[in-house]
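All chains are named by letter (A, B, ...) in the order of the sequence lines, taking the proteins before the strands, and each is independently numbered beginning at 1. Keep in mind that this is a model prediction, so the values were computed, not measured.
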There are 2 protein chains.
Amino acid sequence: MELPIRISKDSREPIYHQIVNQFKALIAGGHLSAGTPLPSIRALSKDLEISIITTRRAYQDLEVQGFIRTLQGKGTFVADIAESLKQEVKVTSVHNILENAVETALSYDYNLSQVKEIFLNILQDKEKGDK
Amino acid sequence: MELPIRISKDSREPIYHQIVNQFKALIAGGHLSAGTPLPSIRALSKDLEISIITTRRAYQDLEVQGFIRTLQGKGTFVADIAESLKQEVKVTSVHNILENAVETALSYDYNLSQVKEIFLNILQDKEKGDK
DNA sequence: TATACTGTGTATATAGATATATACAGTATA
DNA sequence: TATACTGTATATATCTATATACACAGTATA
């Protein structure tokens with residue numbers, strides 16, 4: 001199974017944390033349903049060219065937060081999460097991300113109209129790119 | 001001078017890096033013009049309740065990237081940067097930030113229309129909040 | 001004019017966080 | 001039963017953040 005997990009080594013955000021956020025998005029967004037097996041820490045670490053301890057750290061955080069379950073010798077699976085919780089994570093996370101992006105754009109001395117225009121341009125580019 | 005520099009200790013992004021990004025936004029955005037003195041590493045570290053070595057690390061990175069100049073015993077000042085460079089940093093950074101936000105929103109299985117709606121709601125909230 | 005004080009930045013040692021390499025333990029299958 | 005999968009643990013190196021001390025620059029005062 002090919003997962004859209006990517007890490008940026010340029011980012012100062014810890015690698016394990018990038019992985020956590022991306023899996024959270026996939027799970028809360030419904031891309032990965034309950035019971036689905038995740039790649040093993042070895043498979044993922046090879047895929048991302050990082051240490052298995054780094055992928056394990058990410059899986060540990062996800063497990064502590066209740067998104068996945070791991071069984072020694074068996075593997076890691078998407079946990080059974082209440083739809084309401086998934087929805088809450090989805091709505092809250094996306095809202096926070098977009099709001100932070102707006103705040104940052106405003107700190108560059110753009111005004112709301114300009115931010116809106118730039119954003120709509122990006123959406124347009126994405127729409128064209130999808131075709 | 002009161003600067004809108006804030007750090008989030010919850011974020012996994014290193015503190016020094018958060019400071020770098022926020023100063024970069026203020027400088028590229030024109031809020032801080034060339035020659036403006038920045039707070040000393042002691043003043044800023046007291047303001048943010050962090051170590052002076054952390055603020056120094058942020059100032060060092062900003063100096064290496066050409067945004068500021070520091071003189072031992074005298075202080076730290078906004079560097080004289082070409083308007084074209086400031087503009088480039090401004091446009092590129094904001095575009096990247098908004099684009100990444102869109103990408104992340106899409107990874108939560110929102111579609112472009114939904115992302116647009118959420119974003120416009122946020123802008124609306126911000127417009128109301130400004131009043 | 002020299003010295004002391006107060007500002008400024010700079011350097012070093014240490015602790016915690018992050019990422020790695022390597023070895024150990026559990027489970028399933030041939 | 002052996003092998004190949006799986007997760008788990010430990011030691012080490014690097015990065016980040018801190019506390020503390022040192023050095024430079026400007027100003028005030030004797």
Fill in: Least distance between heavy atoms, Ile5(B) atom then Gln22(B) atom
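Taking every non-hydrogen atom into account, CA-OE1, 3.4 Å.
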Do the side-chain N or O atoms of [X] get closer than 4.0 angstrom to the phosphate oxygens (OP1, OP2) of [N]?
X        : N       : answer
Thr76(A) : dT6(D)  : no
Ser40(B) : dG7(C)  : no
Arg57(B) : dA17(D) : no
Thr70(B) : dT8(C)  : no

If I take atom [atom1] in residue [X] and atom [atom2] in nucleotide [N], what distance separates them, rounded to the nearest angstrom?
X        : N       : atom1 : atom2 : value
Lys9(B)  : dT16(D) : NZ    : C1'   : 13 Å
Ile15(B) : dA17(C) : CD1   : P     : 12 Å
Arg12(B) : dG16(C) : CZ    : P     : 15 Å
Ile7(B)  : dT16(D) : CD1   : C1'   : 13 Å
Leu71(B) : dC24(D) : CG    : C1'   : 11 Å
Lys46(B) : dG7(C)  : NZ    : P     : 9 Å
Gln60(A) : dA17(C) : CD    : C1'   : 14 Å
Tyr59(A) : dT18(C) : OH    : P     : 19 Å

Rounded to the nearest 0.5 Å, what separation is found between the [atom1] atom of [X] and the [atom2] atom of [Y]?
X         : Y         : atom1 : atom2 : value
Gln124(A) : Leu112(B) : CD    : CG    : 11.0 Å
Ile19(B)  : Thr54(B)  : CD1   : OG1   : 7.0 Å
Ile50(B)  : Ile41(B)  : CD1   : CD1   : 10.5 Å

Discussion item. Can you tell me how the ring of Phe119(A) sits relative to the ring of Phe119(B), calling it parallel under 30°, perpendicular over 60° and tilted otherwise?
Written reply: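 Rings of Phe119(A) and Phe119(B): parallel, under 30°.
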Discussion item. Between Val78(B) and Leu38(B), is there a side-chain heavy-atom distance shorter than 4.5 Å?
Written reply: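 Result yes, sub-4.5 Å side-chain heavy-atom pair found.
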Worksheet item: Do Glu88(A) and Leu85(A) come close enough that some side-chain heavy atom pair is under 4.5 Å?
Response: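 They are in contact (side-chain heavy atoms under 4.5 Å apart), so the answer is yes.
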Discussion item. At 4.0 Å (heavy atoms only), tell me whether Tyr16(B) reaches a base, stays on the sugar-phosphate, or touches nothing.
Written reply: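 Sugar-phosphate only.
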Worksheet item: Nearest to the side chain of Ile41(A), which nucleotide is it out of dT16(D), dG7(D), dA17(D)?
Response: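 Of the options given, the side chain of Ile41(A) lies nearest dG7(D).
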Worksheet entry | Watson-Crick or G-U wobble mate for dT29(C), both contacts under 3.5 Å |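 In the structure as shown, dT29(C) has dA2(D) as its Watson-Crick or wobble partner.
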Worksheet entry | Pair partner, dG9(C) [Watson-Crick or wobble, under 3.5 Å] |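 The base-pairing partner of dG9(C), which may sit in any strand shown, is dC22(D).
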Item to complete: Summarise how protein sits on nucleotides 21-30 of chain C as a single string, 5' to 3': B when a protein heavy atom is under 4.0 Å from the base, S for sugar-phosphate-only contact, - for no contact.
Response: BBB-BBSS--
